[in-house]
A.B. asks: 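Just passing along the structure, written as structure tokens.
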There are 4 protein chains.
Amino acid sequence: MVKQPNPTRRSERSRQAILTAARELISEVGYAKLTIEAIAARAGVGKQTIYRWWSSKGAVIFDAFLALSETGPELSTALPDTGDVETDLKAVMRATVAEFADPAFEGPIRALNTEIINDPALAAQYREKLADPLDEAKKTRLRSAQRAGQLAADADLDLALELLYAPLYQRWLLRSGPLTPQYADTLVDVFLKAMRPEGRRS
Amino acid sequence: MVKQPNPTRRSERSRQAILTAARELISEVGYAKLTIEAIAARAGVGKQTIYRWWSSKGAVIFDAFLALSETGPELSTALPDTGDVETDLKAVMRATVAEFADPAFEGPIRALNTEIINDPALAAQYREKLADPLDEAKKTRLRSAQRAGQLAADADLDLALELLYAPLYQRWLLRSGPLTPQYADTLVDVFLKAMRPEGRRS
Amino acid sequence: MVKQPNPTRRSERSRQAILTAARELISEVGYAKLTIEAIAARAGVGKQTIYRWWSSKGAVIFDAFLALSETGPELSTALPDTGDVETDLKAVMRATVAEFADPAFEGPIRALNTEIINDPALAAQYREKLADPLDEAKKTRLRSAQRAGQLAADADLDLALELLYAPLYQRWLLRSGPLTPQYADTLVDVFLKAMRPEGRRS
Amino acid sequence: MVKQPNPTRRSERSRQAILTAARELISEVGYAKLTIEAIAARAGVGKQTIYRWWSSKGAVIFDAFLALSETGPELSTALPDTGDVETDLKAVMRATVAEFADPAFEGPIRALNTEIINDPALAAQYREKLADPLDEAKKTRLRSAQRAGQLAADADLDLALELLYAPLYQRWLLRSGPLTPQYADTLVDVFLKAMRPEGRRS
DNA sequence: GGTTAACCGAGACGGTACGTCATGTCTTGCA
DNA sequence: TGCAAGACATGACGTACCGTCTCGGTTAACC
């Protein structure tokens, strides 16, 4: 039987120090050179404390990212709904473009993706804790658009989100093209053309 | 001045052995556990021979992948052109889905992506040597469709490819959903709806 | 500031295993082919554990030799004193000749000398920890002989020891001649002739 | 059958360059860090040219030292013979002390000794080519002293040389004491006392 | 005087060992 | 008992040299 640590004894101070140190180091030295030892040293923590509470480096990175998101407004806040889906989506997509350009985010997100690509378990956790809640907020806005007759009523919303976000995400991840506000707008235009109700013109 | 090895003296036998060993090991043990030492041992080669000709582990993986592609028919062969773009694209997308499901490809592609995400230089090389030629073949087929009036004449073909492939690629990379032939068909349907000429119905 | 390991945490088990392995390997493969890796492997120890506590291969060899001497009786035991310095010195010199002929000693002593020749710091340590205590024991016997009127009262005892031992040592080190009990006796004879009190005949 | 190189084709220019480079490098970086590659690079010579003509690093060092001695006057010149052996020996011993203090000699001699200690074959070659001729010259002077009645007629001259030189050599090799002209004189005094004819006083 | 075999500088090769770094486990002593 | 500290066995890193092996280019002896 594997010995499990007792979570009630867990030091919150150490936990925060570790996650903060992890974030800082990812930004400073990049994912490839990120080490458990450096995190422990920076956090003023014993290595064992990291190994006790996280199962892998990916898990630490994941939690570091999760903690970042929890403090932010994203997870809780719904998308804007002015009644015009085009306006709202363009605003959201432009915001996403801006976020990807933020150097403070770049390191951690790339690190997280690197881990997710090679770790199915982490990928599942990522979907459940991070991606799905965010996606649900977006789907809520799209359902509103469906009710308003701005989107096909029978549209597959998972596919819709992929259509909208995957090109943007891919450009950023593989650096295969520039991320500009215009590009965000164009994606929304194409998306709406693909998803508009039949018999309707933009 | 950095000393450069003389390429004319390079052992082709060693080069092939290294690339083959790299491919085999990625499939067998995965990217995370791939080591230069193991590649050298498997290839029956000194470590220095790897370090002499490749600047990083990513560069080896890239070349291993490149060599694989060069032997295959992909780079040289154009896409099918039956006259019906929908038929042709669905065939191509289904083939892509099948390729992603091939366990022999899975390891190397994930490894390559892992390196590319964190190495801009490698990403550029990847675009130039691998992605761009493949994209050009696809664009050729799309231009044919434009001439046939099946696609908007003013469509941005880079965007078109992203629209078509990015959702598929993202699902595979992040394991965010199942990759089925039906999904391939659906992507083509949505793509054609978004890209069809104005005033036209599918 | 250089980080210093904490000696109180040192594993005595590892220390002994390393020194023993070093001695064994010197005897088996000789000094020239002695490697840190082989010592670590033989001792069942990580290389870092060697590098943590010893600054050079020579330092390990020195300690291995020192540990050997500490367990033996040599350092603590005084020379025999029968009252006749000739008898006593011949016994000691013959014992030294026998010791040099012991194949178990040959390897380590040659290795130690090799390091000492090229490393002044090690040479100083050697004098302080090994040579000086042994020399002192010998000088004690010579002082006794001086009191007994068998040796010149004003003889330089450092020089005396050199006169007695250096020829023997040199023959062994450079293999410039045979080491026999007769040779030992002859050296004592010559030594006593050179060092006897003035006005006295042997 | 092992292929033997043809000595008539040997490049004298390369041979000299190698020996010179070896000497320089020993003085500059010391014996421990002396490498064949560095010698070849310094000499502007292919590594194979060294391996073709010398069987080991020790052999190169030996030849480098030998070449040095051949250019000097030592091997050919006999010792001075003023008729007074004490005067002559003190002059020779003082010269030896001075030589050992010459930094240009220090490196190569230590290197040579290091190799000789661990390589019996090289030791034999050293005796034959270098030590024996030098010793013979010294013995010639001692024989002259015997004829003059300044030394015991039945003295063992090999032992005599050891008595005279081994203490000096040992002090230098192991750095066990200072090498001064006074020390040289003292050694000669003691030597003469040990070796003088019976019934005689200095 | 043309041929040809050997040496030459150069340096790639398969290896071994280096000394360093990070891993994940374990132990010690403090709070 | 959780923790900071850090020693430990393990093993990969990237580098330095080893001694062997081609590769062209002289170079010198022999036809």
Side-chain angles (χ1 to χ4, degrees), chain A residues 3 5-11 13-14 17 33-41 43-53 55-57, chain B residues 3-11 13-15 17 33-41 43-53 55-57, chain C residues 3-11 13-14 17 33-41 43-53 55-57, chain D residues 3-11 13-14 17 33-41 43-53 55-57:
Chain A
K3 174 120 150 280
N6 180 348
T8 66
R9 297 272 195 141
R10 185 167 189 178
S11 159
R13 148 190 279 276
S14 291
K33 292 184 182 171
L34 180 69
T35 67
I36 297 282
E37 295 219 321
I39 296 173
V45 140
K47 281 196 293 176
Q48 199 58 48
T49 303
I50 298 181
Y51 287 111
R52 189 163 15 238
W53 301 110
S55 59
S56 69
K57 193 164 72 177
Chain B
K3 177 112 144 287
Q4 294 293 351
N6 179 348
T8 68
R9 298 272 181 162
R10 183 166 189 178
S11 161
R13 149 189 281 275
S14 292
R15 184 177 164 270
K33 292 185 181 170
L34 181 68
T35 66
I36 297 281
E37 293 215 323
I39 295 173
V45 141
K47 279 197 291 178
Q48 200 60 51
T49 301
I50 298 182
Y51 287 109
R52 181 153 34 228
W53 301 111
S55 58
S56 69
K57 194 164 72 175
Chain C
K3 176 113 141 286
Q4 294 294 351
N6 179 349
T8 68
R9 298 281 178 122
R10 184 167 189 177
S11 161
R13 150 188 282 273
S14 292
K33 291 185 182 172
L34 181 69
T35 66
I36 298 280
E37 294 216 321
I39 296 173
V45 140
K47 279 196 291 178
Q48 198 60 54
T49 301
I50 299 182
Y51 287 110
R52 188 164 15 239
W53 301 111
S55 59
S56 70
K57 194 163 71 175
Chain D
K3 173 120 149 280
Q4 293 294 351
N6 180 348
T8 68
R9 296 276 194 126
R10 184 166 190 178
S11 160
R13 148 190 281 274
S14 292
K33 291 186 181 169
L34 181 69
T35 67
I36 297 282
E37 295 220 320
I39 296 173
V45 140
K47 281 196 292 177
Q48 196 64 263
T49 301
I50 298 181
Y51 286 110
R52 189 164 16 238
W53 302 109
S55 59
S56 69
K57 192 164 72 176

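Quantities reported herein were computed from a predicted structural model and do not represent experimental measurements. All chains are named by letter (A, B, ...) in the order of the sequence lines, taking the proteins before the strands, and each is independently numbered beginning at 1.
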A.B. asks: Nearest 0.5 Å, what's the CD1-OG distance between A:Ile36 and A:Ser56?
C.D. replies: 8.0 Å
A.B. asks: Counting side-chain heavy atoms from C-beta on, which of F:dA7, E:dG9, F:dC13 comes nearest to C:Arg52?
C.D. replies: F:dA7
A.B. asks: Take the C1' atoms of the five end pairs on each side of the helix from E:dG1-F:dC31 to E:dA31-F:dT1, get both axes, and report the angle to 10 degrees.
C.D. replies: 10°
A.B. asks: If we only count heavy atoms from C-beta on, is the A:Trp53 to A:Arg10 side-chain gap below 4.5 Å?
C.D. replies: yes
A.B. asks: Give B:Ser14 one of three labels, base, sugar-phosphate or nothing, depending on what nucleic acid heavy atoms sit under 4.0 Å from its own.
C.D. replies: sugar-phosphate
A.B. asks: Please give me the minimum heavy-atom distance between C:Ala40 and C:Gly46, naming the atom from each residue.
C.D. replies: CB-C, 4.2 Å
A.B. asks: For atom CZ of C:Arg13, is the number of surrounding heavy atoms from other residues, nucleotides or ligands below 6.0 Å larger than 12?
C.D. replies: no
A.B. asks: How does protein contact run along nucleotides 25-31 of chain E, one letter per nucleotide 5' to 3', with B for base contact, S for sugar-phosphate only, - for none, heavy atoms under 4.0 Å?
C.D. replies: BBBB---
A.B. asks: Take the protein atom CD1 of C:Ile39 and the nucleotide atom P of E:dG19, then report the distance between them rounded to whole Å.
C.D. replies: 11 Å
A.B. asks: Please report the distance, rounded to the nearest Å, between CG in D:Asn6 and C1' in F:dA28.
C.D. replies: 10 Å
A.B. asks: Supply the atom-to-atom distance D:Lys47 NZ to D:Ile39 CD1, rounded to the nearest 0.5 angstrom.
C.D. replies: 12.0 Å
A.B. asks: Would you kindly give the CD1-to-P distance between B:Ile50 and E:dA12, to the nearest whole Å?
C.D. replies: 16 Å
A.B. asks: How close do A:Lys57 and A:Leu34 get, counting heavy atoms only, and between which atoms?
C.D. replies: NZ-O, 3.1 Å
A.B. asks: Between E:dA12, F:dC13, E:dC7, spot the one nearest the side chain of B:Glu37, thanks.
C.D. replies: F:dC13
A.B. asks: What is the distance, to the nearest angstrom, from the CD1 atom on D:Ile36 to the P atom on E:dG11?
C.D. replies: 18 Å
A.B. asks: Given F:dA4, is OP1 or OP2 found less than 4.0 Å from the side-chain N or O atoms of A:Thr49?
C.D. replies: yes
A.B. asks: Grab the two heavy atoms, one from B:Pro7 and one from B:Pro5, that are nearest each other, plus how far apart they are.
C.D. replies: CD-O, 3.2 Å
A.B. asks: Can you tell me how far P of F:dC13 sits from NZ of B:Lys33, to the nearest Å?
C.D. replies: 14 Å
A.B. asks: Tell me which of C:Trp53 and B:Leu34 sits closer to the 5' end of DNA chain F, going by the nucleotide each one is nearest to.
C.D. replies: C:Trp53
A.B. asks: When we call it a touch if two heavy atoms are under 4.0 Å apart, what does C:Arg10 touch: a base, just sugar-phosphate, or nothing?
C.D. replies: sugar-phosphate
